[in-house]
Amino acid sequence: EKNTMSFRGKYSKCVVIIDCFEVALEKSSDQDAQAQTYSSYKSRNTLKYLIGIAPQGAITFISNGFGGRTSDKTVTEQSGSLKKLLPGDQVLADRGFDIQEGLAMYGATLAIPAFTKGKQQLSKKEVDSTRELASLRIHVERVIGALRQKYTMLNGPVEIPYTNKDP
């Protein structure tokens with residue numbers, strides 16, 4: 001109930017908060033697989049997953065795994081998650097999710113923190129909005145943390161035989 005209260009008002013059309021998380025992967029002997037799964041963010045081979053949670057905290061979507069070098073935008077667009085959106089829906093995400101065009105195809109909108117790109121600093125309104133968004137996005141981080149605690153295999157490394165290269 002507390003979670004849903006914080007979504008009333010500015011983010012009342014929010015249906016999902018998305019984020020990607022990575023799971024360490026055993027190093028493959030296959031050079032192509034190594035290249036596809038190497039995450040420069042984690043400095044190791046990983047599998048990347050998109051997770052979506054409802055404002056109430058329930059997990060509404062987890063994608064198939066993608067190679068760790070795959071961008072958040074590509075994972076989101078290729079995961080099938082956007083097809084579940086309806087016109088007027090709003091998605092909350094982090095800065096790395098440059099998915100406005102994909103959302104627009106479904107009549108949905110994106111709320112992400114403000115960028116300082118091209119300007120010295122954010123306006124007071126942008127700072128306040130970014131803080132508010134961060135306080136809501138923390139819910140998805142908590143869910144990912146809870147998943148890692150409950151399902152310890154998500155802490156990796158995942159052994160190669162437990163991965164499936166088929167599409």
Side-chain angles (χ1 to χ4, degrees), residues 3 11 14-85 89-106 108-118 130-131 133-167:
N3 283 356
Y11 301 107
C14 174
V15 295
V16 66
I17 308 166
I18 60 170
D19 204 356
C20 283
F21 67 97
E22 295 184 59
V23 178
L25 178 64
E26 184 178 77
K27 195 171 183 178
S28 174
S29 56
D30 179 309
Q31 294 285 353
D32 287 339
Q34 273 185 44
Q36 290 172 358
T37 61
Y38 188 79
S39 166
S40 39
Y41 179 69
K42 296 285 185 180
S43 299
R44 68 172 306 158
N45 294 86
T46 66
L47 292 172
K48 184 183 276 193
Y49 297 86
L50 176 73
I51 186 169
I53 68 160
Q56 298 82 359
I59 297 170
T60 58
F61 186 85
I62 297 181
S63 71
N64 289 331
F66 289 78
R69 73 176 297 179
T70 311
S71 72
D72 292 350
K73 175 181 181 174
T74 300
V75 170
T76 305
E77 290 174 345
Q78 293 183 6
S79 69
S81 63
L82 300 182
K83 294 177 188 168
K84 299 179 182 309
L85 297 170
D89 285 351
Q90 184 180 49
V91 175
L92 269 57
D94 204 3
R95 286 183 184 94
F97 288 85
D98 180 23
I99 57 170
Q100 292 90 332
E101 285 181 27
L103 289 173
M105 291 183 357
Y106 295 94
T109 59
L110 177 66
I112 57 172
F115 288 85
T116 52
K117 208 174 195 173
T130 296
R131 277 197 188 121
L133 201 49
S135 74
L136 299 175
R137 281 202 64 264
I138 195 74
H139 297 303
V140 76
E141 302 290 345
R142 288 184 183 134
V143 169
I144 293 168
L147 279 175
R148 287 187 192 277
Q149 273 191 318
K150 186 168 183 168
Y151 303 103
T152 54
M153 84 172 284
L154 296 178
N155 297 315
V158 173
E159 296 172 16
I160 297 297
Y162 292 108
T163 64
N164 180 0
K165 287 175 73 173
D166 296 331

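Atom set for the values below is all heavy atoms of this structure, side chains included, hydrogens, waters and symmetry mates excluded.
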Any residue meeting side chain to side chain donor-acceptor pair (under 3.5 Å) with [X], in chain and number order, not counting sequence neighbours:
X   : value
T76 : none
S71 : T74
S81 : S79

If you round to the nearest 0.5 Å, how far is [atom2] of [Y] from [atom1] of [X]?
X    : Y    : atom1 : atom2 : answer
L136 : R131 : CG    : CZ    : 14.0 Å
D32  : T37  : CG    : OG1   : 10.5 Å
L25  : S39  : CG    : OG    : 11.0 Å
L110 : E101 : CG    : CD    : 12.0 Å
E159 : M153 : CD    : CE    : 8.5 Å

For this session: Starting from the C-alpha separation in whole Å, work towards a yes-or-no answer on side-chain contact (heavy atoms from CB on, under 4.5 Å) for V91 and L85.
Result: CA-CA 9 Å; V91 175; L85 297 170; 3.9 Å; yes

If every non-hydrogen atom of [X] is compared with every non-hydrogen atom of [Y], which pair is closest and at what distance?
X    : Y    : value
R69  : A35  : CD-O, 2.9 Å
V15  : P55  : O-CD, 3.5 Å
N45  : K27  : OD1-CG, 3.9 Å
N155 : R148 : ND2-O, 3.2 Å

Problem set entry | Heavy-atom side-chain contact between L50 and F97 under 4.5 Å |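 With C-beta onward as the side chain, the pair touches.
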
Problem set entry | Pairwise side-chain contact, Q100 with I112, heavy-atom cut-off 4.5 Å (strictly under) |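 Yes, their side chains come closer than 4.5 Å.
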
For this session: Starting from the C-alpha separation in whole Å, work towards a yes-or-no answer on side-chain contact (heavy atoms from CB on, under 4.5 Å) for T46 and V23.
Result: CA-CA 5 Å; T46 66; V23 178; over 6 Å; no

Once side-chain contact (heavy atoms from CB on, under 4.5 Å) is applied, do any residues pair with [X], and if so which ones, sequence neighbours excluded?
X    : value
I59  : I51, I53, I62, V143, L147
Q149 : none
Q90  : Y11, K13, C14, L92, T109, A111

Problem set entry | Pairwise salt bridge (Lys or Arg N to Asp or Glu O under 4.0 Å) hits with a residue in residues 39-68, at least two apart |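 Those involving residues 39-68 are K48-D72.
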
Problem set entry | Pairs meeting criterion salt bridge (Lys or Arg N to Asp or Glu O under 4.0 Å) with involvement of residues 15-25, two or more places apart |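 Qualifying pairs, neighbours excluded: D19-R137.
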
Exercise. Which pairs, with at least one residue in residues 55-78 and sequence neighbours excluded, count as a ring-ring contact (aromatic ring centres under 6.0 Å, His included)?
Worked result: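 Not a single pair qualifies under ring-ring contact (aromatic ring centres under 6.0 Å, His included).
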
Exercise. Can you list every pair that meets ring-ring contact (aromatic ring centres under 6.0 Å, His included) and has a residue in residues 40-60, with sequence neighbours left out?
Worked result: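 Applying ring-ring contact (aromatic ring centres under 6.0 Å, His included) to every pair that reaches into residues 40-60, excluding sequence neighbours, yields F21-Y49.
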
Does the [X] side chain pair with the main chain of [Y], one donor and one acceptor, at a distance under 3.5 Å?
X   : Y    : answer
D94 : G96  : no
Q34 : S28  : yes
E26 : I160 : yes

For this session: Taking salt bridge (charged side-chain N to carboxylate O under 4.0 Å, His left out) as the test, write out the residues that go with D89, two or more places apart.
Result: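 By the salt bridge (charged side-chain N to carboxylate O under 4.0 Å, His left out) rule, D89 matches no residue at all.
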
